[in-house]
Amino acid sequence: MPRSVHVREAHRLTAALDVVDATNGHLVEVTGEPGSGKTRLVSELVAAANRRGYEVLVGRCTERERHSALHPFAHMLRGRSDPSTCTRRTPLEMLEVFQLIEAMACRRTLLVLDDFHYADDSSTDLVERLITLTIPNLLLVVVHRPRQAAQRMVDALAHAREIGTAERVVVRPLGLSQAAEVVGLQTDDPRLLRLHERSGGNPAYLLILSRAEQAPPNQQAAGLLGELAPLDTDERAVLRAAAVVAGRFDIACLSAVAERNPDEVRAISSRLVDRDLFRTAGGSMTYAFRHPVVRDVVYDDTEPEWRAAAHRRALEVMLARQAPYEQQHEHVEALLGLADPQCHRLVARAAAQVGADEPVAVAEWLGRVLAVWPDDETHQADRAEVSLQRAAALAACGRVAESSALYRDTLAAMGSASPEDRASAVIRCVQLECMLGSFEEATHLLDAEMARVPADHHELRIELQLAQQFISLAHGGRGSRTRIEHTLHMALRHSGPINRVGALAAAGFERLFTGDVRGAAEAVSACAAIVDMLADSDLGQHSEYLGMLAWTEVNMERFAAARRHFTRAAELVRRRGTLHQVPTMLLGLSVTALQIGEFDKATAAAAEAARLAAGMGADQLRALALARESTCALAVERDCGRALALAEEALATLPRDSVYGRPEAVLALAFAALADGDPLRCTALVLSLGGPGLPGVPLIDRALCYTRLTEAAVALGDLPAARRWTGAAASAADATGLRSQRGHALSAQGHLRRAEGDVEGAVASYADAAESFSEVRMSAAQLRALVAAAGSSPVEGDAVLFMALAQELVASCGAWGDYERAQAAHPEAWSARPEVVDGTATAALTSREAEIAWLAATGERTKDIAKDLFLSPRTVETHLSRIYRKMNVKSRAALAGALRLGASGEDAVGRP
């Protein structure tokens with residue numbers, strides 16, 4: 001180590017040499033962590049004292065001699081006096097040493113006592129006396145480790161500092177530039193940064209780490225091993241057990257790994273704390289090595305065979321405690337290379353415990369286990385179990401194709417497995433095959449497995465039937481209503497709550513998409529009632545049931561329930577580590593947020609779903625997510641470029657023969673094209689989904705599609721086509737009976753009436769559409785209807801009120817793209833409209849007050865306003881009181897009159 005590495009501390013010690021003279025003595029305490037460089041620093045002081053003509057005495061304490069009285073003084077004074085006089089344990093002998101030191105101090109003398117934390121009691125007594133009675137011409141330097149020094153010595157040194165006869169030099173960790181000098185690296189070298197961080201700036205540990213690959217061990221490591229020399233067999237066993245456990249450890253863990261009695265280990269641990277090999281960590285009975293490097297040196301010095309057995313015992317402890325991955329992985333790594341089936345089973349148990357949190361590591365662990373586990377009949381069952389674990393881990397970390405292939409290979413070798421185990425593996429494999437677009441393979445697997453299950457095994461057959469139906473429903477096909485209802489009937493008769501949830505969710509979804517809204521509502525309500533009573537642990541294996549329920553709730557306008565169930569499903573799949581199911585749940589959350597105008601949340605969820613799906617190779621899921629992103633971009637951005645690009649990418653991502661995801665991608669592109677001024681392309685794209693009847697579009701989306709076709713026909717000047725599409729929108733809405741669908745049909749009607757010149761009828765249709773959307777909190781659709789109404793209304797006052805509501809909605813949901821494009825579509829209608837913020841009637845009102853004022857003026861009761869706006873009646877009354885005060889009115893009739901006056905440009909009531 002360069003001499004200048006502790007420059008500041010060296011300067012302070014050298015300056016102490018100038019303090020000593022014929023009338024003054026001085027004391028310096030040098031303290032610091034083991035390996036911090038105290039001895040090297042003092043050796044530089046000794047050299048400086050010799051150059052100045054000091055008498056120099058250096059005594060070093062050792063643990064081996066700590067029970068030998070005055071042993072550091074006996075060594076330093078040998079040859080200067082009769083050594084026998086320094087070995088007797090009497091006060092007189094101590095006095096003789098004191099007198100000898102006092103006599104030698106006739107000229108300036110440096111007395112260094114190194115490693116004084118190992119001092120015997122007599123030496124400590126003598127130094128206490130030297131501290132109390134300062135000897136002129138004597139510079140006394142006491143070097144020690146703070147954690148191992150005798151408490152009375154520490155107290156004596158502290159007292160000397162208080163009265164000004166001593167100073168303390170603390171040898172602190174090295175800075176980066178100092179560390180660079182020690183190991184000979186540049187300060188910007190990444191290796192230096194890593195070494196400095198790991199060593200904590202301790203010079204000894206820094207050198208050990210920098211030379212870690214040298215053999216034999218370097219000098220610093222050998223010095224650390226020297227600390228272990230006085231340990232007995234039991235102490236060494238506990239120390240090595242601690243090195244195997246690593247990190248923090250407690251008495252129970254050390255006892256199991258060291259194979260020693262807990263009381264014995266407790267006593268030994270206390271002694272190792274006294275030696276500063278252990279330190280307490282987070283509790284009186286929890287310990288850690290004083291530094292990780294000490295642990296590494298001890299670990300490397302442990303016999304490999306004993307170490308491997310100790311890792312096995314340590315892993316057994318961690319498994320019993322269900323310890324996290326961080327506390328298990330090193331033990332697993334130590335066992336992976338062993339050709340020992342018992343170790344392999346331990347690794348498999350560890351993988352099962354931490355797989356949800358660390359699927360990547362678990363997949364790698366189990367791959368290595370399978371590579372060395374014998375592939376014969378004796379081990380077939382064990383291999384199959386581990387293979388299924390690895391397949392699940394591969395799926396969880398997004399390696400869907402590998403996972404599916406491993407499931408298929410394992411299923412082929414699971415001839416003797418139980419029906420339940422086989423069915424579970426088949427269902428997981430089928431889900432992955434569907435993600436990859438292999439629907440035929442998925443159907444074949446399920447049909448083959450169904451043929452294997454006995455007819456009287458109702459629970460298992462129902463579970464497989466649900467898997468078949470979920471594939472059909474969730475991936476673009478149509479389920480068989482008869483089969484689904486039969487499965488529901490069987491589930492209600494023979495199954496427990498989990499399969500009932502699945503059957504009700506499937507029935508609700510199928511009923512809704514075939515127009516049986518009332519039946520769907522009954523199934524969904526019954527399903528949700530069961531789901532909300534089940535614990536997460538019960539639903540964990542079938543989160544897809546929860547997802548199907550939530551998808552149906554979204555389409556039935558039960559947005560709050562859908563969000564709750566999608567969120568719960570997403571948390572479940574993340575907790576289980578089934579990453580391949582996360583994109584589906586994120587898509588559900590995105591659609592839910594999109595419907596109620598929360599575009600920032602919708603965009604974020606869709607973007608994350610797209611990223612995860614891309615990593616898994618799930619092109620159809622990625623296309624769906626990109627389509628959702630396109631819809632969000634279209635709503636919030638005036639320029640349609642990004643929405644078009646995302647929709648084009650979504651369509652290009654899909655395989656040519658894909659059914660799943662195609663309608664969503666096509667419609668996203670069609671609607672973006674319409675907004676971008678290309679109604680002809682919009683029409684062509686929508687009709688590509690099966691022609692005028694739109695058989696390729698789910699029933700629940702047809703009213704919206706026909707509304708867009710109406711817009712396109714109006715833009716093209718084709719009123720006959722617009723009339724046809726308006727009628728089709730009404731029929732589609734009637735088939736569902738849902739309020740949002742009615743809102744879309746009314747919007748189509750408004751487009752047609754405006755094109756026909758019936759502006760009053762158009763405004764009425766748009767207003768009714770806005771009301772329908774408001775009833776189900778679809779703020780973005782409501783905004784579009786309000787803007788259309790404002791742009792069409794011939795009555796100035798009505799237009800301003802529509803604008804007021806539209807501006808409040810756009811401010812809250814951020815659909816500025818829709819808002820600005822609607823304004824641009826009818827510039828002549830908007831150019832004469834005053835902005836609501838300039839309206840004299842409502843200028844003093846907040847946006848919320850303006851909305852309540854308009855609703856109250858139309859005659860809505862307080863409780864109805866509260867229900868519409870999701871407020872309490874008391875809150876509505878409070879707002880009305882402020883409105884009356886600001887507008888200087890006393891009744892709702894007066895309020896309506898004031899709004900009409902203000903909107904028509906006349907002076908508002910109460911305006912100065």
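- Using a 3.5 Å distance cut-off with no hydrogens or angles, the side chains of Glu557 and Ser740 do pair a donor with an acceptor.
- Atom CZ of residue Phe559 and atom CD of residue Gln595 lie 5.0 Å apart, to the nearest 0.5 angstrom.
- The CG atom of Leu667 sits 12.0 Å away from the CG atom of Leu674 when rounded to the nearest 0.5 Å.
- Screening Arg563, Arg564, Arg558, His565 against Glu553 for a side chain to side chain donor-acceptor pair (under 3.5 Å) leaves a single residue, His565.
- The two residues Cys813 and Gly597 make their nearest non-hydrogen contact at CB-O, 3.0 Å.
- Considering Ile700, Asn555, Leu512 in turn, Leu512 is the only one that fulfils the side chain to side chain contact (heavy atoms under 4.5 Å, CB included) rule with Val517.
- Atoms SG and CG, from Cys705 and Leu689 in turn, are 7.0 Å apart once rounded to the nearest 0.5 Å.
- Under the rule for a side chain to side chain contact (heavy atoms under 4.5 Å, CB included), the partners of Arg742 that lie at least two apart in sequence or sit in another chain are Leu746, Ser772.
- The shortest heavy-atom contact between Ala675 and Leu634 is CB-CD1, 3.6 Å.
- Looking only at distances, no side-chain donor or acceptor of Arg754 sits under 3.5 Å from a matching main-chain atom of Ser792.
- For the atom pair OG (Ser774) and CG (Leu809), the distance works out to 8.0 Å, reported to the nearest 0.5 Å.
- Counting heavy atoms from C-beta outward, Arg628 and Glu664 have side chains that approach closer than 4.5 Å.
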**Q.** Stepwise side chain to side chain contact (heavy atoms under 4.5 Å, CB included) check, Val787 with Asp818
**A.** CA-CA 9 Å; Val787 172; Asp818 285 339; over 6 Å; no

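- Contact of the Phe671 side chain with the Leu704 side chain is registered, since non-hydrogen atoms from C-beta on lie closer than 4.5 Å.
- Between Ala610 and Glu629, the closest heavy-atom pair is CB-OE2, 3.9 Å.
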Q.
side chain to side chain contact (heavy atoms under 4.5 Å, CB included), that's the test. Do Ile484 and Phe509 meet it? Break it down for me.
A. CA-CA 10 Å; Ile484 288 174; Phe509 193 92; over 6 Å; no

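- Two residues are said to be in side-chain contact when any heavy atoms from C-beta on lie closer than 4.5 Å; Asp600 and Val636 fail this criterion.
- Evaluation of the ring pair (Phe, Tyr, Trp, His ring centres under 6.0 Å) rule for His744 yields Phe773 as partners, not counting sequence neighbours.
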Q.
One pair to check against side chain to side chain contact (heavy atoms under 4.5 Å, CB included): Leu783 and Tyr819. What are the steps and the verdict?
A. CA-CA 7 Å; Leu783 168 68; Tyr819 181 78; 4.0 Å; yes

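- Evaluated for a side chain to side chain contact (heavy atoms under 4.5 Å, CB included) with Met616, the options Val400, Leu621, Leu436, Val582 yield exactly one hit, Val400.
- For the residue pair Arg662 and Pro655, the shortest heavy atom distance occurs at NH2-O, 3.0 Å.
- Using a 4.5 Å cut-off on side-chain heavy atoms (C-beta onward), Leu654 and Asp619 make no contact.
- For the pair Gln741 and Ala703, the tightest heavy-atom approach, listed with the atom from each and the gap, is OE1-CB, 3.4 Å.
- For the pair Leu699 and Thr514, the minimum side-chain heavy-atom distance is 4.5 Å or more.
- In this structure the side chain of Leu626 reaches within 4.5 angstrom of the side chain of Arg622, judged on heavy atoms.
- Arg702 contributes no side-chain N or O that, together with a main-chain N or O of Ala732, makes up a donor-acceptor pair within less than 3.5 Å.
- Counting heavy atoms from C-beta on, the side chains of Met435 and Gln431 never come closer than 4.5 Å.
- Minimum interatomic distance between Ser688 and Val666 (heavy atoms only, all atoms of both residues): OG-CG1, 3.9 Å.
- With rounding to the nearest 0.5 angstrom, the OG atom of Ser747 is 8.5 Å from the CZ atom of Arg784.
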**Q.** Criterion side chain to side chain contact (heavy atoms under 4.5 Å, CB included) on Met585 and Glu571, from CA distance to verdict
**A.** CA-CA 9 Å; Met585 305 311 170; Glu571 290 172 353; over 6 Å; no

Considering only distance and modelled atom types, tabulate donor-acceptor pairs under 3.5 Å from the side chains of residues 711-721, sequence neighbours left out.
unit_1	atom_1	unit_2	atom_2	d
Glu711	OE2	Arg708	NH1	3.1
Asp718	OD1	Ala721	N	3.2

Q | Test log, rule salt bridge (Lys or Arg N to Asp or Glu O under 4.0 Å), inputs Glu649 and Arg642 | A | CA-CA 10 Å; Glu649 185 180 0; Arg642 197 166 75 90; over 6 Å; no

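- Every residue was checked against the ring pair (Phe, Tyr, Trp, His ring centres under 6.0 Å) condition with Phe599, not counting sequence neighbours, and none meets it.
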For a quick test of your reading: what N or O donor-acceptor pairs under 3.5 Å do the side chains of residues 676-686 make, sequence neighbours left out?
unit_1	atom_1	unit_2	atom_2	d
Asp678	OD1	Arg681	N	3.1
Arg681	NH1	Glu648	OE2	3.2
Arg681	NH2	Glu648	OE2	2.6
Thr683	OG1	Pro679	O	2.9

Extract all donor-acceptor atom pairs below 3.5 Å that involve side chains of residues 722-730 and protein atoms in other chains or at least two apart in sequence.
unit_1	atom_1	unit_2	atom_2	d
Arg723	NE	Glu756	OE2	2.8
Arg723	NH2	Glu756	OE2	3.2
Thr726	OG1	Ala722	O	2.8

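- By the 4.5 Å heavy-atom criterion applied to side chains, Ser630 and Leu669 are not counted as neighbours.
- Remark: Cys527 SG to Leu546 CG distance equals 8.0 Å, nearest 0.5 Å.
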